[in-house]
Amino acid sequence: MPEADEVDEEEEMPLSLRLSIADTLTLGNATCGFMAVYFTTTGILIPHLTGSQESGMARHSAATAVILMLCAAVFDLFDGLVARKLRSSPMGAELDNLSDLISFGLAPAYFVLVYGMVADDAHQRVAAVGAIVVLLAVVLRLARFSCVTLKDGMFQGMPSPFGALTVVSIVLLELPFVATLLAILGTAWLMVSRVEYPKPRGRLAGAMLGWIVLSMGLLAAWAFDAPSGQLLLQTGCALQLVMGAVIPLFATARRVNNFRDNRREARAAQLP
């Protein structure tokens with residue numbers, strides 16, 4: 001009997017290799033990011049290289065790729081919630097970072113790279129530099145997140161899902177190339193900045209989920225050439241950019257107010 005117990009213990013899977021429900025959601029995140037790259041390649045890049053003029057196919061593929069990034073954001077939102085409610089495996093944090101790198105680093109950077117190859121007024125090599133900057137910004141942000149401890153409920157720098165969706169929104173707005181590149185570089189800077197962003201919990205998580213669902217609807221309307229679909233998509237993309245610009249302003253204003261309050265308290269404490 002003791003020998004049988006030893007055999008069972010040896011055959012039992014190590015704790016570090018067991019996947020939890022939260023880990024399964026995280027793997028869904030990585031899958032969506034990879035498929036976004038797939039649709040960007042097969043539906044946009046390859047038809048462009050082969051001389052195909054099927055603009056409808058490119059529009060459908062672009063919308064599908066962005067919707068997959070949005071689905072990855074949903075998985076990323078829920079894997080954290082599930083991990084807090086249930087449990088996560090010892091490798092959950094590493095899985096999360098690797099999946100985020102695929103879905104919110106590689107996928108949007110590749111989207112920018114392909115944009116530089118297919119857009120009429122774009123410069124391929126300059127766009128490639130912008131894509132590299134986006135990818136490295138996400139790499140640095142995820143690495144810093146793993147080794148820096150912050151106060152509960154806050155992120156330092158724009159969260160990578162929000163940054164990825166902002167970068168894609170900039171491309172879909174079809175602004176002049178220089179303006180597009182500057183906006184992309186500004187978003188990459190925000191991701192590695194020290195600006196504090198609130199974590200999506202409670203009502204904020206619900207608002208974020210609602211915004212993602214609305215964005216999917218706008219992309220579907222644009223993909224199927226619905227009436228005013230282009231206008232609706234551009235409005236949604238513009239709102240995404242506004243949120244990306246306004247949140248840092250509010251965060252900066254809050255830090256300035258906190259600094260002033262601390263100085264006033266320090267002066268009041270020094271008075272006799």
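Residue numbers count from 1 along this sequence.
Within the 4.5 Å cutoff, no side-chain heavy atoms of Met117 are placed close to those of Ile44. Between Phe104 and Leu142, every side-chain heavy-atom pair lies at or beyond the 4.5 Å cut-off. Looking at heavy atoms from C-beta onward, Leu106 lies out of side-chain contact with Leu101 at the 4.5 angstrom threshold. In this structure the side chain of Ile184 reaches within 4.5 angstrom of the side chain of Val134, judged on heavy atoms. When side chains are defined from C-beta on, Met191 counts as touching Val138, because their heavy atoms get closer than 4.5 Å. Between Leu68 and Tyr38 the shortest side-chain heavy-atom distance does not fall below 4.5 Å.
With rounding to the nearest 0.5 Å, the separation of CG in Leu45 from CG in Leu113 is 8.0 Å. Distance check, rounded to the nearest 0.5 Å: CE of Met35 to OG of Ser103 gives 12.0 Å. Note that CG of Asn97 and CZ of Arg141 are 9.5 Å apart. Values are rounded to the nearest 0.5 Å. Interatomic distance, OG1 of Thr235 versus CD of Gln230, reported as 10.0 Å (0.5 Å rounding). In this structure, CG in Asp23 is found 9.5 Å from CG in Asp96, a value given to the nearest 0.5 Å. Atom CE of Met158 is separated from atom OH of Tyr197 by 3.5 Å, given to the nearest 0.5 angstrom.
For Phe34, the ring-ring contact (aromatic ring centres under 6.0 Å, His included) test picks out no residue, with sequence neighbours left out.
Nearest heavy-atom pair across Arg59 and Ala223 is NE-O, 3.5 Å. The two residues Asn29 and Ala72 come nearest to each other via the heavy atoms OD1-CB, 3.3 Å. The minimum heavy-atom distance between Gly33 and Ala107, with the atom names listed, is O-CB, 3.9 Å. What you find for Ala131 and Val112 is that their closest heavy atoms are N-CG1, 4.0 Å. Here the closest heavy-atom approach between residue Arg194 and residue Gln156 is recorded as CA-CG, 3.6 Å.
Residues Val133 and Ile102 do not share a hydrophobic cluster, defined by chaining ILVMFWY side chains whose heavy atoms lie under 4.5 Å apart. Under a hydrophobic clustering in which Ile, Leu, Val, Met, Phe, Trp and Tyr are joined whenever their side-chain heavy atoms come within less than 4.5 Å, directly or via other members, Val195 and Met243 fall into the same cluster. Under a hydrophobic-cluster definition in which Ile, Leu, Val, Met, Phe, Trp and Tyr are linked whenever side-chain heavy atoms come within less than 4.5 Å, directly or via other members, Leu98 and Tyr110 are assigned to different clusters. In this structure, Leu136 is not a member of the same hydrophobic cluster as Leu190, with clusters built from ILVMFWY side-chain heavy atoms closer than 4.5 Å. Met216 and Phe39 fall into different hydrophobic clusters, where Ile, Leu, Val, Met, Phe, Trp and Tyr are joined by side-chain heavy atoms under 4.5 Å apart, directly or via other members.
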- Please assess Leu219 against Leu70 for the test side chain to side chain contact (heavy atoms under 4.5 Å, CB included), listing each intermediate value before the final yes or no. CA-CA 11 Å; Leu219 285 163; Leu70 290 167; 3.6 Å; yes
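Its side chain within the 4.5 Å cluster rule, Leu140 clusters with Val192 among the Ile, Leu, Val, Met, Phe, Trp and Tyr residues.
Between the Thr40 side chain and the Phe111 main chain, no donor and acceptor come within less than 3.5 Å of each other. Panel note: side chain Thr50, backbone Pro47; a donor-acceptor pair is recorded below 3.5 Å.
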Show the atom names and distances, to 0.1 Å, of all donor-acceptor pairs under 3.5 Å that link a side chain in residues 159-178 to residues at least two apart or in another chain.
| residue | atom | partner | partner atom | Å |
| --- | --- | --- | --- | --- |
| Thr166 | OG1 | Phe162 | O | 2.7 |
| Thr166 | OG1 | Gln240 | NE2 | 3.1 |
| Ser169 | OG | Leu165 | O | 2.7 |

